[in-house]
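Heavy-atom basis, side chains included; hydrogens, waters and symmetry copies ignored. One-based numbering along the sequence shown. Source: prediction; values computed, not measured.
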Amino acid sequence: VQLQACGGGPVQAGGSLRLSCATSGRDFSSYTMGWFRQAPGKEREFVGAISWSGGRTIYADSVKGRFTISRDNAKNTVYLQMNSLKPEDTAVYYCAADRFAFRAMKNVYRVLDFGSWGQGTQVTVSS
């Protein structure tokens with residue numbers, strides 16, 4: 001599977017951005033999709049995920065209430081709506097697809113849970 005993330009850019013604190021991740025190559029609707037981010041000098045961290053059906057989402061505590069993940073299986077696209085952005089949200093954001101189709105969602109995700117990754121899109125939040 002190939003994933004292409006886009007929608008990043010510069011934004012002021014308190015602003016909003018919506019990232020998109022288009023996929024191709026396999027049955028998108030069969031896989032939980034995740035978003036991660038990586039700031040300079042830091043490890044890649046989990047942001048959130050959405051189940052293959054779109055019926056369940058989970059988020060890291062740091063973004064809960066500000067970020068929303070959604071998906072459009074007809075368009076093979078997953079979205080990350082980011083509101084009330086803070087300077088500490090500055091990072092490269094990556095979308096990823098679960099290693100296994102139709103796997104039940106977990107409560108905690110690690111990088112190794114995902115087998116396919118997009119190239120990342122930079123989000124820079126200025127104060």
Side-chain angles (χ1 to χ4, degrees):
V1 64
Q2 294 185 344
L3 298 90
Q4 179 83 23
C6 63
V11 63
Q12 290 191 330
S16 298
L17 280 176
R18 188 175 83 152
L19 307 184
S20 300
C21 176
T23 70
S24 63
R26 64 180 181 186
D27 190 358
F28 169 78
S29 62
S30 302
Y31 294 86
T32 290
M33 298 296 295
W35 285 95
F36 285 73
R37 66 187 181 185
Q38 188 166 18
K42 295 187 177 181
E43 293 186 353
R44 193 167 297 189
E45 67 170 352
F46 175 73
V47 173
I50 186 167
S51 64
W52 54 270
S53 68
R56 183 185 172 199
T57 52
I58 60 172
Y59 301 94
D61 287 343
S62 58
V63 306
K64 201 172 294 183
R66 300 188 298 123
F67 290 12
T68 302
I69 298 175
S70 61
R71 67 191 296 162
D72 185 337
N73 286 344
K75 296 181 178 180
N76 290 349
T77 302
V78 62
Y79 304 96
L80 177 65
Q81 176 67 43
M82 305 184 293
N83 298 328
S84 302
L85 282 161
K86 305 174 182 180
E88 50 264 44
D89 294 319
T90 295
V92 177
Y93 283 72
Y94 299 89
C95 60
D98 196 337
R99 288 189 180 277
F100 303 105
F102 300 117
R103 179 163 63 168
M105 284 197 78
K106 305 170 68 174
N107 291 324
V108 178
Y109 279 101
R110 304 169 301 160
V111 169
L112 292 177
D113 288 314
F114 294 85
S116 299
W117 293 83
Q119 84 288 0
T121 184
Q122 176 72 47
V123 172
T124 303
V125 185
S126 59
S127 57

Checklist line | Distance in Å, R103 CZ paired with Y31 OH, rounded so as to fall on 0.5 Å steps | finding: 11.0 Å
Margin query: With heavy-atom distances below 4.5 Å as the criterion, would you say the side chains of V111 and W117 are in contact?
Written below: yes
Checklist line | ring-ring contact (aromatic ring centres under 6.0 Å, His included) contacts in which one or both residues fall within residues 48-74, not counting sequence neighbours | finding: W52-F102
Check: Are Y94 and M33 connected, step by step, through hydrophobic side chains (Ile, Leu, Val, Met, Phe, Trp, Tyr) whose heavy atoms are closer than 4.5 Å?
Finding: no
Notebook entry, point to check: Nearest heavy-atom pair of Q81 and S16: which atoms, and what distance?
Noted result: NE2-CB, 3.9 Å
Next item on the list: Linking directly or through intermediates, with side-chain heavy atoms under 4.5 Å: list the remaining ILVMFWY members grouped with L112, chain and number order.
Entry: none
Margin query: Can you confirm whether M82 sits close enough to V11 that some side-chain heavy atom of one is under 4.5 Å from a side-chain heavy atom of the other?
Written below: no
Check: With a 4.0 Å cut-off, would you call K86 and D89 a salt bridge?
Finding: no
Checklist line | Which atom of V125 lies closest to which atom of Q12, heavy atoms considered | finding: CG1-C, 4.0 Å
Next item on the list: To the nearest 0.5 Å, tell me how far T23 OG1 sits from Q4 CD.
Entry: 11.0 Å
Next item on the list: Please examine the side chains of T32 and D113, heavy atoms only from C-beta on, and report whether any two atoms are closer than 4.5 Å.
Entry: no
Check: Do V78 and L3 belong together in a cluster built from hydrophobic side chains that touch within less than 4.5 Å?
Finding: yes
Check: Which atom pair, heavy atoms only, marks the closest approach of S84 to R66?
Finding: O-NH1, 2.9 Å
Margin query: So that I can confirm a possible disulfide, could you see if the SG-SG distance for C95 and C21 falls below 2.5 Å?
Written below: yes
Side-chain polar contacts of residues 40-51 - donor-acceptor pairs under 3.5 angstrom, sequence neighbours left out - could you list them?
residue	atom	partner	partner atom	Å
R44	NE	Q38	OE1	3.3
R44	NH2	Q38	OE1	3.4
E45	OE2	R37	NE	2.6
E45	OE2	R37	NH2	3.2
S51	OG	S53	OG	3.4
S51	OG	G54	N	3.2
S51	OG	G55	N	3.1
S51	OG	R56	N	3.1

Item checked: D27 to S29 - nearest heavy-atom pair and separation -> OD1-OG, 2.8 Å
Check: Between the side chain of Q119 and the main-chain N/O of A5, is any donor-acceptor distance below 3.5 Å?
Finding: yes
Note to self: A side-chain contact here means heavy atoms from C-beta on lying under 4.5 Å apart; do T68 and Y79 qualify?
What the structure shows: no
Note to self: Is there a path of hydrophobic side-chain contacts, each under 4.5 Å between heavy atoms of I/L/V/M/F/W/Y residues, joining F114 to V92?
What the structure shows: yes
Margin query: Counting neighbours of NZ on K106 that are heavy atoms of other residues, nucleotides or ligands and sit closer than 6.0 Å, is the number greater than 12?
Written below: yes
Notebook entry, point to check: If two hydrophobic side chains count as joined below 4.5 Å and joins carry through other members, does F28 share a cluster with W35?
Noted result: yes
Notebook entry, point to check: Do V123 and I69 belong to the same hydrophobic cluster, where Ile, Leu, Val, Met, Phe, Trp and Tyr are linked whenever their side-chain heavy atoms lie under 4.5 Å apart, directly or via other members?
Noted result: yes
Margin query: Restricting to non-hydrogen atoms, name the atom on T77 and the atom on S20 that form the minimum distance, rounded to 0.1 Å.
Written below: CG2-CB, 4.3 Å
Checklist line | Nearest non-hydrogen partners of A91 and A39, listed with the distance | finding: CB-N, 3.8 Å
